[in-house]
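Here the structure is laid out as structure tokens; the discussion comes afterwards.
Side-chain atoms are counted along with the backbone in the values below, which use heavy atoms only and exclude waters and symmetry mates.
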Amino acid sequence: MSDTKKQGKHAASWDSSNCEELHRVLFEEAADGIFIADHCGRHVAVNSRGAEMTGYSREELIGMNITDLISPEDLALAPLSMDDLRQGRTVVKERRIRRKNGDLLLVEISARMLPDEKLLVIIRNITESELAETELRESEGKYRQLIETTGTGYVIIDDQGRVIDANQEYAHLTGRQGVEDVIGHSVLEWTAPHDFERNAAEVRKCVEQGFVRHLELDYVTPSGQFVPIEINATILRSTSGALQILTLCRDITARRSIEDALLDLTSHQEALLDALPDIIMEVDFSKTYTWANQAGLVFFGDDVIGKEAVHYFEGEQETYNVVGPLFRGDENVFYVESWQRRKDGQKRLLAWWCRVLKDADGDVTGAISSARDITEIKQAEAEKEGLQSQLLQAQKM
């Protein structure tokens, strides 16, 4: 089969049902809370785990700002770096969120920028992990039981990077059969070559400041498979005074897969929608624009996101009345013609086809619409009708 035919076959197989199923799996079966926020930080989508963690319903979370969930005391800490996000980096912070009932929950917030400047935010409850680390230091009697049952890779290395102690989960992360296969070995044996220098730099950093948090690097298994790992390390002092590093590791393949799949899906959809000559616009329940394709940005301007649709209306019109049933759950496609103000100030007549948007629970979240400029078409029709009228009048005379 030729490459062109293969590509055509692949494109044909990627239909709306695939997208919907992928969204359902990624959102509803994820163990972490997943939030998607617009460029202002307001939630436009949230999965059931996110609602469960915060104690709010999805309806309450939609439209809330991510900062509304952060404990007031933690808001004073360093915010997410928008520069890092725009450069494609994943930014990870530990923060406490205040649940609806007032309880505080220690979480790891992982944020990544999507191509349309929406934010993908993944929230993981790390309260139990933090407690486990504390208990490891406080209770020597629970030491072995905890490290073998926590589900997290555990390893202690010396100042040369050699493994002194580890659990079975850590051996599994490195691709080895058992703990005896890692004891006495250097961690460089399973660190991916492209991460050698960064790993060494982070070890020096750990020695200097006493800890390292959320270090992401790749391990490589004996078969050559790369496994993305997140590392949290703390300096220990043995009874002899020798420096040791306690490290907790976990496989973040699932999280990376979620991020990458959403990024790929979003990029694919963005490319398709930007290739269309028609204007495509999305509004939330308050009829505020939350997304636009390239044609929409060209027509309304780059600052359209965050503005209510009525801001661009020209003259008195019944547009909101016509599309009102959409926001009450009607799933029919509604057609309406509306005079709109283009970014250059010109008054243009747009033909809109509008359809409701709903979340996984069937609740209305907004609407998506396509529009086409029909100003010249209407003018031509009017001129034609005028000429026909004049001809009839002449014939009568």
If the threshold is 4.0 Å, N to carboxylate O, is there a salt bridge linking [X] and [Y]?
X	Y	value
Glu169	Arg250	no
Asp84	Arg89	yes
Glu314	Arg342	no
Glu52	Arg58	no

To the nearest 0.5 Å, tell me how far [X] [atom1] sits from [Y] [atom2].
X	Y	atom1	atom2	value
Leu69	Leu61	CG	CG	6.5 Å
Glu282	Thr365	CD	OG1	7.0 Å
Leu120	Phe35	CG	CZ	11.0 Å
Asp83	Met113	CG	CE	9.5 Å
Asp361	Glu59	CG	CD	6.5 Å

Test of understanding: with side-chain hydrogen bond (donor to acceptor under 3.5 Å, both in side chains), list the residues that count as partners of Lys347, not counting sequence neighbours.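 In terms of side-chain hydrogen bond (donor to acceptor under 3.5 Å, both in side chains), with neighbours along the sequence ignored, Lys347 is linked to no residue.
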Between [X] and [Y], is there a donor-acceptor pair closer than 3.5 Å when you use the side chain of the first and the backbone of the second?
X	Y	value
Asp165	Ile156	no
His43	Gly63	no
Glu308	Val310	no
Thr191	Val187	yes
Ser186	Glu189	no

Residue of the set Ile280, Asp278, Val298 for which side-chain contact (heavy atoms from CB on, under 4.5 Å) holds with Asn293: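 Considering Ile280, Asp278, Val298, a side-chain contact (heavy atoms from CB on, under 4.5 Å) with Asn293 is found only for Ile280.
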Look at the side-chain heavy atoms of Ile, Leu, Val, Met, Phe, Trp and Tyr, link any pair under 4.5 Å apart, and say whether Leu217 and Val207 land in one connected group.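 Yes, Leu217 and Val207 fall within the same hydrophobic cluster.
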Hey, quick one: are Val91 and Ile109 part of the same hydrophobic cluster, counting side-chain heavy atoms closer than 4.5 Å, chains of contacts allowed?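 Val91 clusters together with Ile109.
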Does [X] reach the side chain of [Y], with side-chain heavy atoms less than 4.5 Å apart?
X	Y	answer
Ile164	Gln244	yes
Ile235	Leu243	yes
Arg213	Thr234	yes
Arg49	Ile34	no
Met281	Phe300	yes
Ile374	Glu337	yes
Asp32	Ile123	no
Asn125	Leu105	yes

List the steps, then state whether side chain to side chain donor-acceptor pair (under 3.5 Å) holds for Gln177 with His172. CA-CA 7 Å; Gln177 290 295 320; His172 173 73; over 6 Å; no
Test salt bridge (charged side-chain N to carboxylate O under 4.0 Å, His left out) applied to Asp103 - qualifying residues, sequence neighbours left out: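 If we apply the salt bridge (charged side-chain N to carboxylate O under 4.0 Å, His left out) test to Asp103, skipping adjacent residues, there are no hits.
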Take atom [atom1] of [X] as the centre, draw a 6.0 Å sphere, and report whether it contains more than 12 heavy atoms from other residues, nucleotides or ligands.
X	atom1	result
Lys358	NZ	yes
Gln209	CD	yes
Arg341	CZ	yes
Arg198	CZ	yes

Report the C-alpha distance between Asn199 and Glu202 in whole Å, list the side-chain angles of each, state the deciding distance to 0.1 Å, and finish with yes or no for side chain to side chain donor-acceptor pair (under 3.5 Å). CA-CA 5 Å; Asn199 192 18; Glu202 291 295 333; over 6 Å; no
Residue pairs passing the ring pair (Phe, Tyr, Trp, His ring centres under 6.0 Å) test where at least one lies in residues 332-353, sequence neighbours excluded: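 Residue pairs passing ring pair (Phe, Tyr, Trp, His ring centres under 6.0 Å), neighbours aside: Tyr335-Trp353.
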Looking only at heavy atoms, the pair that brings Cys249 and Ile231 closest together is SG-CG1, 3.9 Å
Please name the pair of heavy atoms, one in Ala51 and one in Ser57, separated by the smallest distance, quoted to 0.1 Å.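 What the structure gives for the nearest pair is CB-C, 4.4 Å.
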Scan Arg96, Lys93, Arg95 and name whichever one has a side chain to side chain donor-acceptor pair (under 3.5 Å) with Asp74. Arg96
Parallel under 30°, tilted from 30 to 60°, perpendicular over 60°: which one fits the rings of Tyr170 and Trp190?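 Plane angle over 60°, so perpendicular.
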I would like to know whether Ser223 and Gln225 meet side chain to side chain donor-acceptor pair (under 3.5 Å); could you show each step before the answer? CA-CA 6 Å; Ser223 64; Gln225 179 184 2; 4.6 Å; no
Does the structure place the NZ or CZ of Lys287 under 6.0 Å from the centre of the six-membered ring of Tyr320, at an angle of no more than 45° from the ring's axis? yes
